[in-house]
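Everything below concerns the one structure shown next.
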Amino acid sequence: MLILGIETSCDETAAAVAEKGSSSNTRSAVSVVSSFLTSSRDSHARTGGIIPEVAARRQIESIIPVIKTALSPIKSPIDAIAVTYGPGLIGSLLVGVETAKTLSMVWNKPLIPVNHLIGHLYANFIGHSGSKTDRTPQFPFVGLVVSGGHTDFVLMKEHGKVKYLGGTRDDAAGEAFDKTARLIGLPYPGGPEIAQAAESYLSQELNLLPRPMLDSGDLDTSFSGLKTAVARYIEQNPGFDKNLLAAQIQEAIVDTLVTKSQKAVEKYHPKSFLLAGGVSANQRLREKILSALRDKTEVFIPEVEHSTDNAAMVAAAALYNYNPVPWRKLTASPSLSIEE
Ligand code: KG4
Ligand code: ZN
């Protein structure tokens, strides 16, 4: 089965075609036949954050060329269309959802709605290029989705069965990167900028900033205090070293996520642990999660291109959760939760 995935929840306009490997092997991974995306990130870098109207306008301009490009190498007809219908920015989501509905109607193909956060988790079901093992996560698994708007721990016992375990009480992990980057004068999106600035300081002791809620006994996190602590530090140290502060910020966020992930694994004893979402592109987080958890469970982390927003993950989620809806019934849902 060939599925066309469409993703337009934020500032990426993405389309991909994916299929599942041999059905005789229940652990066979999704293979990406074609994938293409464009981003309006550059225009947001200039304004220091996303302007939803600008993102939506760029989605409208890009959606048809992006889908055409993703379909251009495909020789056989696709079998179904999958689209992100939430959560995300309403103007951006609408472009993907209405385009997918139109294609479903005119091509007479089934339409599968995908929750963006679940899509991120299914990036871990995509086969790694060059890997011979083609392994996929095993149930039950604990997943951690860390993106611009979410820090969500979930437990999944089978495809489609999602239990929320805990997450952010205020700012999401990606938001913490983006907001603190802005405070120290780095452009949007802050995550990759902070990671790059931090590089030469990684061997230092990096415990200047607070790691709240580490002993809260649950899987909740809070990152708004980090922003306040960084603002205070800048005020008290006008000549501060930007790169050192970036390393301190990254370490505080990574340590918090690693400690909570360890707690989740100790509590639920999952067969696999899945890291996902834009922040999972962070090299320091990838390394620390892997070394903290690899003795206790099988750890899955997407390839970097499938950590940040992409459409292959949307197609992958639909391949394992094939639940078509009539196109007339689908509407964008900006504040959809991970359990819906
Ligand atoms: O999943 P994603 O691409 O879009 C959303 O669904 O929000 O995540 C975007 C977030 C942004 O906050 C961005 O700063 C962060 O992921 N991010 C990173 C890195 N790459 C992207 N954070 C830390 N390190 C990175 N290398
Ligand atoms: Zn995302």
Side-chain angles (χ1 to χ4, degrees), residues 4-16 35-70 81-103 113-120 123 145-152 168 171-183 186-194 276-281 304-315 317 330-338:
L4 167 67
I6 298 173
E7 158 63 47
T8 68
S9 65
C10 192
D11 49 359
E12 266 84 30
T13 312
S35 183
F36 188 72
L37 66 76
T38 180
S39 175
S40 58
R41 198 182 305 134
D42 289 354
S43 24
H44 309 306
R46 274 179 256 129
T47 47
I50 294 193
I51 298 178
E53 289 78 7
V54 173
R57 180 169 293 275
R58 291 284 295 276
Q59 293 284 4
I60 294 170
E61 289 164 4
S62 307
I63 188 73
I64 299 298
V66 164
I67 292 175
K68 269 193 173 166
T69 307
I81 301 155
V83 64
T84 297
Y85 74 109
L89 302 170
I90 182 65
S92 291
L93 282 170
L94 273 173
V95 175
V97 167
E98 294 307 316
T99 305
K101 284 163 71 173
T102 308
L103 294 178
V114 172
N115 180 319
H116 179 76
L117 303 167
I118 300 298
H120 271 305
V145 181
V146 268
S147 68
H150 290 261
T151 309
D152 289 344
T168 188
D171 292 353
E175 203 175 350
F177 272 112
D178 296 338
K179 286 182 175 170
T180 53
R182 198 170 172 174
L183 287 176
L186 293 170
Y188 174 87
E193 296 286 335
I194 287 197
V279 178
S280 73
V304 169
E305 65 175 314
H306 298 135
S307 282
T308 47
D309 287 353
N310 66 89
M313 70 184 198
V314 177
L330 186 61
T331 49
S333 183
S335 48
L336 190 70
S337 85
I338 197 164

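These numbers come from the heavy atoms of this one structure, side chains and all, not from hydrogens, waters or symmetry mates.
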Using only atom types and a distance under 3.5 Å, with no angle test, would you say the side chain of N310 pairs donor to acceptor with the backbone of M313?
yes
Taking all non-hydrogen atoms of both residues, which atom of T308 and which atom of H120 are closest, and how far apart?
C-CE1, 4.2 Å
Check whether D171 reaches the backbone of A176 with its side chain - one donor and one acceptor, N or O, closer than 3.5 Å.
no
Give the intermediate values and the outcome of side chain to side chain contact (heavy atoms under 4.5 Å, CB included) for residues I63 and T8.
CA-CA 8 Å; I63 188 73; T8 68; 3.7 Å; yes
Would you mind reporting whether V83 and V114 have side-chain heavy atoms less than 4.5 Å apart?
no
How close do A172 and S147 get, counting heavy atoms only, and between which atoms?
CB-O, 3.9 Å
What distance do S40 atom OG and I50 atom CD1 have between them, rounded to the nearest 0.5 Å?
6.5 Å
Between S39 and E12, a side-chain donor and acceptor under 3.5 Å
yes
Over all heavy atoms of both residues, which pair between I81 and A100 is shortest? Give the atoms and the distance, please.
CG2-CB, 4.0 Å
Residue pair V314, I6: steps toward the side chain to side chain contact (heavy atoms under 4.5 Å, CB included) verdict
CA-CA 7 Å; V314 177; I6 298 173; over 6 Å; no
Donor-acceptor contact present, side-chain T84 to main-chain E7, <3.5 Å
no
Gap separating the OG1 atom of T38 from the CD atom of E61, nearest 0.5 angstrom
10.0 Å
If we ignore angles and hydrogens, is there a donor and acceptor under 3.5 Å between the side chains of T151 and T168?
no
When you check the side-chain N and O atoms of R58 and T13, is any donor under 3.5 Å from an acceptor?
no
Evaluate side chain to side chain contact (heavy atoms under 4.5 Å, CB included) for V97 paired with T331, printing each intermediate quantity in order.
CA-CA 7 Å; V97 167; T331 49; over 6 Å; no
Should D309 and C10 count as side-chain neighbours, where that means a heavy-atom distance under 4.5 Å?
yes
Taking every heavy atom of D11 against every heavy atom of R41, the minimum-distance pair comes out as OD2-CA, 4.1 Å
So, taking the atom named CG in L94 and the one named OG1 in T99, what distance separates them when rounded to the nearest 0.5 Å?
9.5 Å
Quick one: pull up CG in N115 and OH in Y85 and give me the separation to the nearest 0.5 Å.
6.0 Å
When every non-hydrogen atom of L330 is compared with those of P113, the smallest separation belongs to CD1-CB, 3.7 Å
Beyond-backbone contact of I67 with L103, side-chain heavy atoms, under 4.5 angstrom
yes
Using only atom types and a distance under 3.5 Å, with no angle test, would you say the side chain of D152 pairs donor to acceptor with the backbone of L117?
no
Determine yes or no for a side-chain-to-main-chain donor-acceptor pair under 3.5 angstrom, with T47 supplying the side chain and H44 the backbone.
yes
Taking the side chain from S9 and the backbone from G88, do they hold a donor-acceptor pair closer than 3.5 Å?
no
Between the OG atom in S92 and the CD atom in E53, the distance rounded to the nearest 0.5 Å is 9.5 Å
L93 and A332 have their tightest heavy-atom pair at CB-CB, 3.9 Å
Please report the interatomic distance CD(E175) to NE2(H150), rounded to the nearest 0.5 Å.
9.5 Å
